[in-house]
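So the structure is just underneath, and the comments pick up after that.
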Amino acid sequence: MTANRREQKVGFTRRGETESVGRQSGRRILEIMATPADDLSQADYSHMKKVIGDARRHLAQRPWGDVTRTRWRWSLMNWGHDPLVRRGGGDSGLG
């Protein structure tokens, strides 16, 4: 099973939908990132704030040991965050 297929198998999927909430949110995050800052709406800022909170909560639940092939990592990747990739700068706490 490829990593992409694994990512599609994790997370919460609403009744009647085929894609997890995290993957839907990840797509929205990409749209927000492509939007000039002056054009962002209050809803965009609210979504970003929610995602940061969700990611921080999820990161705090990190399992012991190697997380390379875990549902925990794949779920975070659905939200657009790979916990194995070190990011510099910023104070989001998601590095």
Side-chain angles (χ1 to χ4, degrees):
M1 185 179 296
T2 65
N4 190 37
R5 294 288 297 150
R6 289 182 197 119
E7 290 167 25
Q8 291 174 359
K9 297 275 186 194
V10 299
F12 174 75
T13 302
R14 293 181 188 106
R15 184 182 306 208
E17 296 183 0
T18 59
E19 187 173 54
S20 74
V21 172
R23 286 186 65 84
Q24 291 174 21
S25 180
R27 192 174 3 277
R28 173 117 188 258
I29 292 165
L30 291 174
E31 291 171 4
I32 291 170
M33 290 175 66
T35 302
D38 291 340
D39 295 339
L40 292 174
S41 68
Q42 187 59 43
D44 293 332
Y45 283 105
S46 294
H47 186 72
M48 289 187 288
K49 186 176 180 180
K50 178 187 181 315
V51 168
I52 289 169
D54 289 346
R56 284 183 175 159
R57 177 183 47 78
H58 204 73
L59 284 166
Q61 298 171 350
R62 183 184 183 115
W64 291 99
D66 182 12
V67 297
T68 304
R69 296 175 167 262
T70 61
R71 293 175 58 87
W72 174 83
R73 178 181 177 221
W74 296 323
S75 179
L76 276 166
M77 289 170 65
N78 282 341
W79 288 88
H81 178 72
D82 184 347
L84 298 184
V85 174
R86 182 77 180 145
R87 293 168 178 82
D91 63 355
S92 70
L94 300 179

Exercise for the section: Evaluate the side-chain proximity of Leu40 to Met48: yes if any heavy-atom separation is below 4.5 Å, no if none is. Expected result: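 Counting from C-beta outward, Met48 and Leu40 do come under 4.5 Å.
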Problem - Side-chain touch Asp54/Lys50, heavy atoms, less than 4.5 angstrom - result: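 They are in side-chain contact.
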Exercise for the section: With sequence neighbours excluded, tell me which residues meet side chain to side chain donor-acceptor pair (under 3.5 Å) with Ser41. Expected result: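 Here the qualifying residues are Asp44.
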Practice task
Using side chain to side chain donor-acceptor pair (under 3.5 Å) as the criterion, list what pairs up with Asp66, not counting sequence neighbours.
Solution key: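 Only Thr68 meet the side chain to side chain donor-acceptor pair (under 3.5 Å) criterion with Asp66.
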Handout entry: Minimum heavy-atom distance between Leu76 and Pro83, given as atom pair plus value
Key =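 Nearest heavy atoms, Leu76 then Pro83: CD1-CG, 3.9 Å.
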Problem - Shortest non-hydrogen contact between Ala43 and Arg28, atoms and distance - result: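 Here Ala43 and Arg28 meet closest at O-NH2, 3.4 Å.
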Practice task
Hey, could you give me the NE2/CH2 distance between His58 and Trp72, rounded to the nearest 0.5 Å?
Solution key: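 One finds 6.5 Å between NE2 of His58 and CH2 of Trp72.
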Exercise for the section: Can you measure from CZ (Arg73) to NE2 (His81) and round to the nearest 0.5 angstrom? Expected result: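 Here the interatomic distance stands at 10.0 Å.
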Problem - Side chain Ser75, main chain Arg71, donor-acceptor under 3.5 Å - result: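 Pair absent, no side-chain N/O of Ser75 close to backbone of Arg71.
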Handout entry: N/O donor-acceptor pair under 3.5 Å between Trp79 side chain and Ile29 backbone
Key =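 It does not hold such a pair.
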Problem - Partner set under salt bridge (charged side-chain N to carboxylate O under 4.0 Å, His left out) for Glu19, not counting sequence neighbours - result: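 Counting only residues at least two positions away or on another chain, Glu19 forms a salt bridge (charged side-chain N to carboxylate O under 4.0 Å, His left out) with Arg23, Arg27.
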Handout entry: Joint hydrophobic cluster, Ile32 plus Tyr45, side-chain heavy atoms closer than 4.5 Å
Key =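 Yes: a chain of side-chain contacts under 4.5 Å links Ile32 to Tyr45.
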